[in-house]
Amino acid sequence: MNRQTIIDILCDQETRILDDLCRQACAIRKECVGDKVYLRGIIEFSNYCSRDCLYCGLRRSNAALKRYRMSVDEIEACARAARQADIRTIVLQSGEDAGLSIQWLGEMVARVKALDVAVTVSVGERSYADYRCLKEAGADRYLLKFETSDEALFARLKPDSSYQARMRCLDWLRQLDYQVGSGIMIGLPGQTPESIADDILLFEKLDLDMIGVGPFIAHPDTPLAGAPTAPVEEVLKAVALTRIVTRNTHIPATTATGSIDPAGRERALLAGANVVMPDLTPVQYRSLYEIYPGKACVTEQTQDCLPCLVSRIQSTGLEVSFERGDSVKFVGARHASPSTRPQR
Ligand code: 5AD
């Protein structure tokens with residue numbers, strides 16, 4: 001699909017176009033990754049952040065937020081409970097917490113990995129040496145969203161980061177043989193259909209294993225307070241286009257999509273997503289990981305999260321999988337013998 005076609009679809013307000021797109025995306029999902037929906041239990045283990053991104057409630061300037069850091073024992077206990085509930089991927093996410101040493105992060109990864117699960121780390125931009133340490137500690141996957149491919153918009157929204165640095169991190173993660181995830185927000189102030197088309201084409205160019213697409217939701221304690229939220233249909237279109245263009249990637253039905261529409265996650269699954277992320281963060285910390293307001297499931301008890309999500313998945317007619325669900329690209333071509341490996 002070329003850039004202009006993507007732009008035309010994003011600009012088309014007809015409801016029929018979304019239905020057609022979803023049908024096409026579901027057919028491609030079935031063909032390329034099957035009709036299973038994979039579960040990733042997420043533990044948001046620290047809300048400290050040294051960055052000041054304009055859109056995020058965890059930004060360092062948000063003095064209203066009470067900060068927390070879970071201990072490795074607490075994190076391990078959460079992961080153990082999840083493993084007992086048959087979840088086989090644990091996502092360890094935090095703000096860009098400069099107070100966490102690489103030794104501490106490495107121990108956390110190793111302790112969780114010992115539970116015989118796939119480990120995904122999402123702690124932002126770190127050095128090549130740090131990424132290597134975490135890989136050696138047992139991390140399988142890494143999530144680092146680029147948020148927007150519009151470099152001017154990126155610079156405005158992430159004043160103390162750089163687009164080039166972020167791209168370099170994604171490159172390092174790939175070199176280190178991680179399964180690599182990235183993603184974007186839809187509805188950022190100043191974002192255009194052209195830039196969303198570029199985002200989707202960049203997903204393909206980066207040969208990502210996992211791609212998260214969710215709505216931007218303005219947080220009251222940030223400079224973007226009061227900014228409007230995009231209609232959920234725009235998010236669903238971007239999800240469907242991402243599936244159609246990237247074909248065999250893992251795409252979560254994001255919690256943010258479930259936060260702007262009570263049926264948002266189910267609708268994202270029907271737009272081509274194939275991953276759901278139950279929140280394993282202990283209830284006393286959940287409301288403090290307030291990246292955006294109105295987050296779905298914040299007051300839910302941890303043990304209620306999984307059955308709720310399982311029944312949501314089943315309501316779509318898709319099958320819940322308790323497998324690890326490694327990237328098809330990863331177990332396939334990228335790790336094939338050199339003679340059969342396609343040129344990247
Ligand atoms: N609305 C929606 N998503 C947000 N994120 C950060 N702030 C917001 C917001 N206001 C997303 C970003 C980030 C992820 C952890 O949360 O995509 O990468």
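Computed from a predicted structure; not experimentally measured. Residues take their numbers from the sequence shown, with the count starting at 1. Order of appearance sets the numbers: ligands from 1, and atoms from 1 within every ligand.
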In the protein, which heavy atom is nearest to atom 3 (N) of ligand 1, and how far is it?
Met185 SD, 3.4 Å
Between Arg69 and Tyr48, is NZ or CZ placed under 6.0 angstrom from the six-membered ring centre and within 45° of the ring axis?
yes
Using distance alone, with no hydrogens and no angle criterion, decide if Thr148 and Asp150 have a side-chain donor and acceptor under 3.5 Å apart.
no
Could you check atom 13 (C) of ligand 1 against the protein and tell me its nearest heavy-atom contact, residue, atom and distance included?
Glu147 OE2, 3.3 Å
Consider ring pair (Phe, Tyr, Trp, His ring centres under 6.0 Å). Of Phe330, Tyr142, Trp172, which one does Tyr178 pass it with?
Tyr142
Scanning both residues in full, the closest heavy-atom pair of Thr254 with Pro215 reads OG1-CD, 4.4 Å
Nitrogen or oxygen atoms of Ile217 and ligand 1 under 3.5 Å apart
yes
I need the minimum non-hydrogen distance between Ile90 and Ile43, along with the two atoms involved.
CG2-CD1, 3.8 Å
Heavy-atom nearest option to atom 2 (C) of ligand 1, drawn from Ser182, Ala256, Pro215, Gly212:
Pro215
Which bit of His219 is near ligand 1, meaning a heavy atom under 4.0 Å away: side chain, backbone, both or neither?
neither
Under 4.0 Å to a heavy atom of Tyr292 - the qualifying atoms of ligand 1, by number
1 (N), 2 (C), 3 (N), 9 (C), 10 (N)
Quick check, are the ring centers of Phe146 and Phe203 under 6.0 angstrom apart?
yes
Name the closest protein heavy atom to atom 5 (N) of ligand 1, giving the residue it belongs to and the distance to 0.1 Å.
Ile291 CG2, 3.3 Å
Ligand 1 and Gln93, any nitrogen or oxygen pair closer than 3.5 angstrom?
no
State the atoms of ligand 1, each with its element, that fall below the 4.0 Å cut-off from a heavy-atom position in Cys56.
7 (N)
Evaluate Tyr55 for polar contact with ligand 1, using N/O atom pairs at a separation under 3.5 Å.
yes
Output field: ring centroids Phe216/Tyr55 closer than 6.0 Å:
no
